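Everything quoted here is computed from the prediction, not taken from an experiment.
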Amino acid sequence: MRIPTRKKPEVLSPAGNLRGLKTAVDYGADAVYCGGKAFGMRSAPKNLSLEDFEEGSRYAHERGARVYVTCNVLPRNNEIEAMREYIGQLKDTGVDALIVSDIGVMMMARQVAPNLELHVSTQAGVTNYQAANAFYELGARRVVLAREMDLQAVRDIRANIPDDLDIECFVHGAMCMAFSGRCLFSNYLTGRDGNHGECAQPCRWKYSIVEEKRPGQYFPIEQTENGAYLFNSQDMNMLGHLDDLIDSGATSLKIEGRAKSAYYIAAMTNAYKTAVNEYMIQRGFEDADGNILLPFHDRVIRPSDPDYGQGTEDQVMRNADVAFAGVADEGYDRAVATSDAPEPDGMSSHARSTRRKSNTAVEQIETDWKHAAVRPAPHVELPEWLLEETDKVAHRDYSTGFYYPEHKVTQNTDRSAYFRSWLVVGEVLSWSADEGGRVTLMSRNKIEPGQQVEFLLPGERPLAFTVPEDGLRDADGTPVPAINNPAHVFSMPCPHQVPINAAIRSRTKKPTLKAE
């Protein structure tokens with residue numbers, strides 16, 4: 001059994017192993033993407049065996065979710081036949097789609113596994129509707145857009161491709177400094193090929209200058225005490241802007257992080273799924289119980305619509321010409337300029353745009369091209385507790401990626417570490433109504449009486465809870481003053497019923513710069 005494509009926005013979550021897959025599904029993922037033991041773009045996670053894919057697909061399908069497998073390495077000649085055999089094995093595991101980047105692998109998959117959907121990876125660098133349509137004609141049913149796309153580019157692609165071609169966009173997680181993830185930096189410096197899932201992430205290393213005649217003396221490139229992290233990009237966080245992206249035609253919302261913990265997967269899946277539900281309610285597509293009121297549709301104005309190109313200019317459109325060329329020149333605000341406004345350097349807006357995009361004006365051919373816009377709608381308001389969820393996982397400084405040209409992603413030049421102000425202190429093993437309610441947990445960090453903790457619950461606001469002054473016991477039922485042995489079983493009074501595997505988290509006493 002395979003689950004058909006959704007007719008409304010999809011929350012797509014990562015998984016580095018079978019537990020991560022099940023966690024994503026439990027916390028509301030509509031689909032999960034994961035890699036096998038070979039040919040995926042992440043080699044650090046344990047990844048899934050063929051048996052894991054079978055079990056994971058059954059688990060997901062029973063709960064209405066789908067499973068996608070990454071086969072998106074750039075294969076070498078001696079890997080082609082092994083790739084063919086691997087795809088042949090995957091087709092019988094029950095997975096729903098293959099994510100590919102190489103056109104040869106795509107054609108191979110059509111031959112070997114014709115029943116599997118084909119999704120074109122972000123590594124294919126799809127930046128325009130012509131490329132998207134070409135992949136569609138070759139059999140793709142989804143394109144994962146290059147991360148360098150702004151909202152206007154998403155709209156323009158959506159307006160000029162078939163409605164049954166999905167657009168997948170990244171919404172959360174680490175950003176790669178290379179175009180669409182294609183990079184030889186790691187391979188060159190360490191021999192670990194980033195295009196085969198072995199990236200050493202040298203873009204996040206600390207760099208200093210060494211002068212030829214002063215060996216051993218390191219000079220920071222930025223004026224900091226510890227050197228500079230030249231290529232260390234910010235993480236993406238689009239939780240508060242999902243309405244803009246969905247309105248602009250994104251079909252699937254992709255959370256990055258196959259190397260992340262089960263807690264990260266649970267927290268971010270739950271946050272983005274809750275945000276999509278809020279979108280569906282506030283846009284009038286569903287009621288609070290999830291009942292369909294109207295068929296879902298994006299708000300992109302297509303060329304076939306009577307009002308296409310009429311009075312559709314907006315802030316994103318006004319910034320479209322500088323999306324690939326950095327910010328506007330100093331002293332010139334394109335967003336407020338008019339045709340009668342004086343130019344700081346005497347050039348017209350068209351000439352300025354031409355100068356940015358080409359070395360010769362003759363290459364700029366006038367066309368009747370019009371940008372696609374979206375029909376206006378009120379901003380979808382998310383509750384404050386939901387917006388705070390992204391700060392309760394380890395993360396770097398956040399940005400909105402490249403979606404807004406006026407606020408593009410930058411790099412942290414003074415550090416590469418993660419912020420962590422919350423940590424997981426336990427995991428629920430069971431809950432019993434006995435003695436007024438009691439939760440049994442596996443400890444991860446110290447829990448003591450009076451401590452404020454939260455239970456992360458699927459589809460709900462986290463449950464705030466104060467650890468009781470008495471009633472803490474070890475696995476043998478012996479009273480203990482505090483839970484202070486990691487990886488041991490304990491129990492404590494808890495009148496609220498909580499689900500198995502729910503994470504228990506607590507604010508750190510002192511925020512750290514450390515990964516989970």
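- Residues satisfying the salt bridge (charged side-chain N to carboxylate O under 4.0 Å, His left out) criterion with Arg19, sequence neighbours excluded, are Glu427.
- With hydrogens and angles disregarded, no donor-acceptor distance shorter than 3.5 Å links the side chain of Asn47 to the backbone of Lys37.
- Ion pair Glu10/Arg142 flagged as a salt bridge, since at least one NZ, NE, NH1 or NH2 atom sits closer than 4.0 Å to an Asp/Glu carboxylate oxygen.
- Contacts of Ala65 classified as side chain to side chain contact (heavy atoms under 4.5 Å, CB included), with partners at least two apart in sequence or in another chain: Val25, Ala60.
- Among residues two or more places apart in sequence or in another chain, the side-chain hydrogen bond (donor to acceptor under 3.5 Å, both in side chains) test is passed with Lys8 by Glu286.
- Between Tyr264 and His172, the ring-plane angle classifies as tilted under the 30° and 60° cut-offs.
- For Asn133, there are no side-chain hydrogen bond (donor to acceptor under 3.5 Å, both in side chains) partners, not counting sequence neighbours.
- Ring planes of Phe419 and His395: tilted class, angle from 30 to 60°.
- Between Asn277 and Thr274, the side chains place no donor N or O within less than 3.5 Å of an acceptor N or O (distance only, hydrogens not considered).
- At distances below 3.5 Å, not a single donor-acceptor pair connects side-chain atoms of Tyr59 with backbone N or O atoms of Leu18.
- The salt bridge (charged side-chain N to carboxylate O under 4.0 Å, His left out) search around Arg283 returns Asp247, not counting sequence neighbours.
- Not less than 6.0 angstrom separates the ring centroid of His241 from the ring centroid of Tyr403.
- For the pair Asp156 (side chain) and Ala372 (backbone), a donor-acceptor distance under 3.5 Å is present.
- Residues meeting the salt bridge (charged side-chain N to carboxylate O under 4.0 Å, His left out) test with Asp391, sequence neighbours left out: none.
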